[in-house]
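Data block below; observations after.
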Amino acid sequence: MSPIVGIDLGTTNSLIGAMDAGFPILLADAEGERLTPSVVHFPPTGEPLVGRAASRMRALEPAATVYSAKRFIGRRVGEAADEVGFALTGERGAPMRMRVRGHDYAPEEVSALILKKLRADAERALGCEVTRAVITVPAYFNDAQRQATKCAGELAGLTVERIVNEPTAAALAYGLDKLGDRSKVAVFDLGGGTFDISILEFNEGVFQVLATNGDTRLGGDDIDEALIADFKFQISNLSPEAHARLREALVMAKHRLSSEDEARIELPFFSGNESFARTLTRAELERIARPIVERTRAHCLRALQDAKLTPADLDDVILVGGQTRMPLVREFVRGMFQREPNVSQNPDEAVALGATIQAGILSGAVQNVVLLDVTPLSLGIETFGGLMNVIIPRNSTIPIKAGEMFTNAVAGQRAMLIKVLQGERELVRDNWALGEFKLAFEPAPKGHARVGVQFEIDANGILHVLARDTKTGAEKVVAMTSAVDVSDEAVEKMLEESLEHAFEDMSDRVFVEARLKSDELLPAVRQALAQVGAELDDTERALIAQRVAEVEAAIAAGAGQPLKRANTALDDATQRLATILIERAMGT
Ligand code: AMP
């Protein structure tokens, strides 16, 4: 049987590993390197170059060299614009593509080329065919991004046995030699393109994620962009090639400044015959980087809040991702979590080692370890009045199955439209639509149809929806495969807004629910008055008329709580009317 490999498909670099005699090891390529830059260069003829060879071409031919494909995977055109050296194409709203030498590539095709190279390196190192893999993704990847990553693996000829969240993988690598322990740890993962924070509990071999948060568009690349944009490096009329050279030199300076106080940037023959030389100090770099590093704070706070923990409850904070080598990031973590961060893990390798351990768990090579991960965002469907009905709340342990019964709002209705939503807000319009489908059912009186909707999130974090008419057994199973129209600024904004608007949202919800009640109540009262109103005295009728007017006024004002109160008052005022109606119906 083919071995299962573990792959860290990174924004900047990728790695591959396999279990060897019970230990996870990372595999080197033909040049003896374990780190493969996630870069693909398309020459005018012949096969694409992948890895270091492609990286060298980036400064020479930026337009034909694709990097950071992970930033675009599972995304649509029109979401936040990224500055990249190559062309992005596609119609607004369609999945994002990259145009190189007149040919369009999907991000997953580019990722597949990287995976193919890793696979070939592993086959050379292991001396056997490799067809099965575990691939990691940022914890905060949504459904579409996970699907697209799985698709990249399949394009590279790999069966993707499991998609694992990066910080969870890093925690596995950290915790493998502490299996007997009981502890709570945070994994702070700041890579090139993404930031994730996860809080886990270890208990005798069970690794349970308690909460996860993050931003799939926050990382070292943002510090690089901010450096280039700084006035210190403003040079007019730079060619794309010169821009790429400058970027590369600045990134190298950023790395040097993790261990030195000053870095000299020298680019001979930079524009024409002119050379370029500047000195960058660590203090200057920190001034530029600080606002970016600060953006991680809100996510850390939210993850702690979701896990119902304070920094003092944690036993360790593990740093992962190349950007955590920066002293400023370590200082931030120290302040935020009030402790010295744990740097025992090699920040470049922990995720790939964890992916390899997960591969070992699946193949049986690693025993007595159980991994329980969570889903980052709530999932639900639209119900009456434009409300989001949450079926699986965020931070639920996966795999998970949950369902609810729904009924028809209108008599004789023949189908129900099921709109699947992701997000943290009360109203449908504030969340994202993942997809929708119709389930036909037998016509029935209002409230009599029984439609069960079940959501299942598999161990990869991918959603499957099942809807069934429980009377006829007619059912539909739907995998949500379309790219989701979700930008990460939007994810972040949504989470912020869900807190900010919690009060407002609640009052919106109260209004919608009260309105639904009035819509039932008013026609029922009118009908009852027409049928048996003559049996009431004048004062009773006047009171009911007044209560009806109050309900109508509250509807017109759009006020939730007053409408709720007006409904109750109308209900009370019509008690005798209802009794007379019932007595009449019973013939007593
Ligand atoms: P990763 O996605 O984990 O490979 O992290 C890559 C990011 O880490 C890139 O933005 C790199 O520029 C950054 N990085 C790598 N090494 C260092 C270093 N020594 N100091 C600061 N940043 C680094």
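Atoms within a ligand are numbered from 1 in the order they appear, just like the ligands themselves. Source: prediction; values computed, not measured.
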- Item | For Gly192, the ligand 1 atoms whose distance to one of its heavy atoms is below 4.0 Å | 1 (P), 2 (O), 5 (O), 6 (C), 7 (C), 9 (C), 10 (O)
- In ligand 1, the atoms that come under 4.0 Å of a heavy atom of Gly321 are 3 (O)
- Query: In the protein, which heavy atom is nearest to atom 13 (C) of ligand 1, and how far is it?
  - Reply: Gln323 OE1, 3.4 Å
- Do Arg282 and Glu262 sit within salt-bridge range, that is, some charged N less than 4.0 Å from a carboxylate O? no
- Task: Note the single closest protein heavy atom to atom 3 (O) of ligand 1, along with its residue, its atom name and the distance in Å.
- Result: Gly322 N, 2.9 Å
- With Gln208 as reference, evaluate Leu200, Leu371, Thr397 under the side-chain contact (heavy atoms from CB on, under 4.5 Å) test and give the passing residue. Thr397
- Query: For Lys178, which residues count as a salt bridge (charged side-chain N to carboxylate O under 4.0 Å, His left out) partner, sequence neighbours excluded?
  - Reply: none
- Has ligand 1 got any nitrogen or oxygen that is less than 3.5 angstrom from a nitrogen or oxygen of Asp348? no
- Message: Using only atom types and a distance under 3.5 Å, with no angle test, would you say the side chain of Asp20 pairs donor to acceptor with the backbone of Phe23?
- Response: no
- Give the residue, atom name and distance (to 0.1 Å) of the protein heavy atom nearest atom 20 (N) of ligand 1. Ser258 OG, 2.6 Å
- Query: What residue and heavy atom of the protein are closest to atom 19 (N) of ligand 1, and at what distance?
  - Reply: Arg325 CD, 3.5 Å
- Message: Within this structure, what is the CG-CG distance for the pair Asn342 and Leu319, rounded to the nearest 0.5 Å?
- Response: 7.5 Å
- Task: Can you sort out which atoms of ligand 1 are near Gly220, meaning under 4.0 Å from one of its heavy atoms?
- Result: 10 (O)
- Query: Is a donor on one side and an acceptor on the other found under 3.5 Å between the side chain of Arg256 and the backbone of Arg264?
  - Reply: yes
- among protein heavy atoms, the one nearest atom 14 (N) of ligand 1 is His255 NE2, 3.3 Å
- Subset of ligand 1 atoms that lie under 4.0 Å from at least one heavy atom of Gly191: 1 (P), 2 (O), 3 (O), 5 (O), 7 (C)
- Query: If you measure from each heavy atom of Thr12 to ligand 1, is any distance below 4.0 Å?
  - Reply: yes
- Message: If the condition is ring-ring contact (aromatic ring centres under 6.0 Å, His included), which residues does Phe86 pass it with, not counting sequence neighbours?
- Response: Tyr67
- Task: For the pair Phe337 and Phe188, name the ring-plane relationship: parallel under 30°, tilted 30 to 60°, perpendicular over 60°.
- Result: perpendicular
- Query: Between Asp224 and ligand 1, does any nitrogen or oxygen pair lie at a separation below 3.5 Å?
  - Reply: no
